[in-house]
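In what follows, a structure is listed as structure tokens, so that the remarks can point back to it.
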2 protein chains.
Amino acid sequence: MSRAEQKERTRRAIINAAFSQLSADKSFASLSLREVAREAGIAPTSFYRHFADMDELGLTLVDEAGLMLRQLMRQARQRIEKNGSVIRTSIETFMEFVTGNSNVFRLLLRERSGTSAAFRGAVAREIQHFVAELAEYLRKETTCPDELARAQAEAMVILVFHAGADALDAPPEQYNYLTSRTITQLRWLTHGAAGSGRKFKT
Amino acid sequence: MSRAEQKERTRRAIINAAFSQLSADKSFASLSLREVAREAGIAPTSFYRHFADMDELGLTLVDEAGLMLRQLMRQARQRIEKNGSVIRTSIETFMEFVTGNSNVFRLLLRERSGTSAAFRGAVAREIQHFVAELAEYLRKETTCPDELARAQAEAMVILVFHAGADALDAPPEQYNYLTSRTITQLRWLTHGAAGSGRKFKT
DNA sequence: CACTTTAGCTTACAACTGTTCGCTCATTCT
DNA sequence: AGAATGAGCGAACAGTTGTAAGCTAAAGTG
């Protein structure tokens, strides 16, 4: 096996070990280098051959999580073309992601308000991708000035994110309620924004 | 000095020490019993005379933070009576709280998605007080069915909370933008909800 | 083939952590 | 006055943590 190949392999082992140790009651901050190394099957000191410290690993995890989110968006767009309902499809896709990759979502959720400014920034950037894309969509579909389209997109993303957070602590039989509640909230936003738009324009 | 009086005093010293050690880059989870005891001016072992463990202290902190929030709401109501604008006054009061007691707000913000189910529950309960009160107000002022009033109130509280979270990482010259953005978002919600109400009723 | 590079290892250390135990001694109770 | 209570203390323990130093052996390079 090639040398670089092997290195990449244990690098992934470290990343996977870290992800697998995240859970409802274990945040990234409470992971220990030694435990991660143990699960990755390497000596603690070998960790440093791949990451300068735990923070660097953490930023890598956030990046990967962001990647998964963007894949999710692409998937959602495909579904929308077949299904039609933009809001419902988007939220349902997101909720599936949250419940299916709860550890990944929890990472973003927590580090968004965590103790590391670098982490907070990284998460904020990932979320901004969502917002920017949604804002662009709103600008096309509606007659909304740029600045307001962004504010609207931000509100929507916040509400959807929060619904995901609620789902983490809710029993599965409440998922339907959470999604329909969020759909209602987003509809209010779009109607309200459209109304204000008319108010100011016409 | 009475015995109970003295006990209460060092209990407060512990609580204050804990609050003072919370900061942008130190969460409750990363506090150590020994450090808190040190700042409170007691031996590590004396801590146990007041709290069974750090979790008990943490729940106490969340309770206190919730108390401050409720005082804040009362204060906001008084301001509204004099000022008139409900939404603007509420948000401005909240933003003042966030910037003036950032450690307290950070505690709620983080433990809302933290690693302890008990903490998450405690924070959720505190926030529900906000939501319930706001929902009741909406039921009186508007012609909104109960269920929808609650969903509307929840959306509003989430957006305001999030604006506070943004403020923590934003330079002070952006506070005005954050508040006005949030005002716009809440107006959209109320208009949208009113519109949908009419749509379903009339 | 000899030479360099480097992922991974073992050992070791110093700095913490939470918690138990037994003691002191001022306040409180009888 | 005498006994009981209980807040606070110091010493000690077992566990964990991150990380430095130096070695081994296999892969890559000329």
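Hydrogens, waters and symmetry mates are skipped; everything else that's a heavy atom, side chains included, is used.
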note: His50(B), atom NE2; dG6(D), atom C1'; distance rounded to Å ~ 10 Å

Any luck finding a side-chain donor-acceptor pair between Gln152(B) and Arg139(B) under 3.5 Å? no

What integer distance in Å separates Leu57(B):CG from dG18(C):P? 12 Å

Given dG8(C), dG8(D), dT19(D), the nucleotide with the shortest approach to the side chain of Leu33(A): dT19(D)

Take atom CG of Asp55(A) and atom C1' of dT17(D), then tell me their distance rounded to the nearest Å. 15 Å

Between dC9(C), dG18(D), dA11(D), which one does the side chain of Thr45(A) approach most closely? dC9(C)

Length of the CZ-C1' vector between Arg49(A) and dA25(D), whole Å: 13 Å

Lys7(A) atom NZ is separated from dT6(C) atom P, nearest whole Å, by 8 Å

Picking from dT20(C), dG8(D), dT10(C), the nucleotide nearest the side-chain atoms of Ala43(A) would be dT10(C)

Rounded distance (Å) that lies between atom C1' of dA7(C) and atom CZ of Phe51(A): 14 Å

Whether Arg112(A) and Glu126(A) form a salt bridge (side-chain N of Lys/Arg under 4.0 Å from carboxylate O of Asp/Glu) is what I want to check. no

Closest to the side chain of Arg34(B), out of dT28(C), dT17(C), dG28(D), is dT17(C)

Can you measure Arg38(A) atom CZ to dG18(D) atom P for me and round it to whole angstrom units? 10 Å

If we ignore hydrogens and angles and just use 3.5 Å, is the side chain of Arg110(A) paired with the main-chain N or O of Arg110(B) as donor and acceptor? no

Pro44(A) or Glu35(B): which one's nearest nucleotide on DNA chain C is closer to the 5' end? Pro44(A)

Can you work out whether Ala4(B) or Met54(B) has the more 5'-proximal nearest nucleotide on DNA chain C? Met54(B)

Of Arg3(A) and Tyr48(A), whose nearest nucleotide on DNA chain D comes first from the 5' end? Tyr48(A)

Look at the side-chain N and O atoms of Thr10(A) and state whether any lies under 4.0 Å from the OP1 or OP2 oxygen of dG8(C). yes

Respond yes when some side-chain nitrogen or oxygen of Ser46(A) is under 4.0 Å from OP1 or OP2 of dA7(C), and no when none is. no

Euclidean distance, atom CD1 of residue Ile14(B) to atom C1' of dA7(D) [Å, nearest integer]: 11 Å

May I ask you to verify if any side-chain N or O of Gln6(A) is less than 4.0 angstrom from the OP1 or OP2 atom of dA26(D)? no

Taking all heavy atoms of Glu111(A) and all of Phe28(A), pick out the closest pair and write down the distance. OE2-CB, 3.7 Å

Where does the angle between the aromatic ring planes of Phe161(B) and Phe94(B) fall among parallel (under 30°), tilted (30 to 60°) and perpendicular (over 60°)? tilted

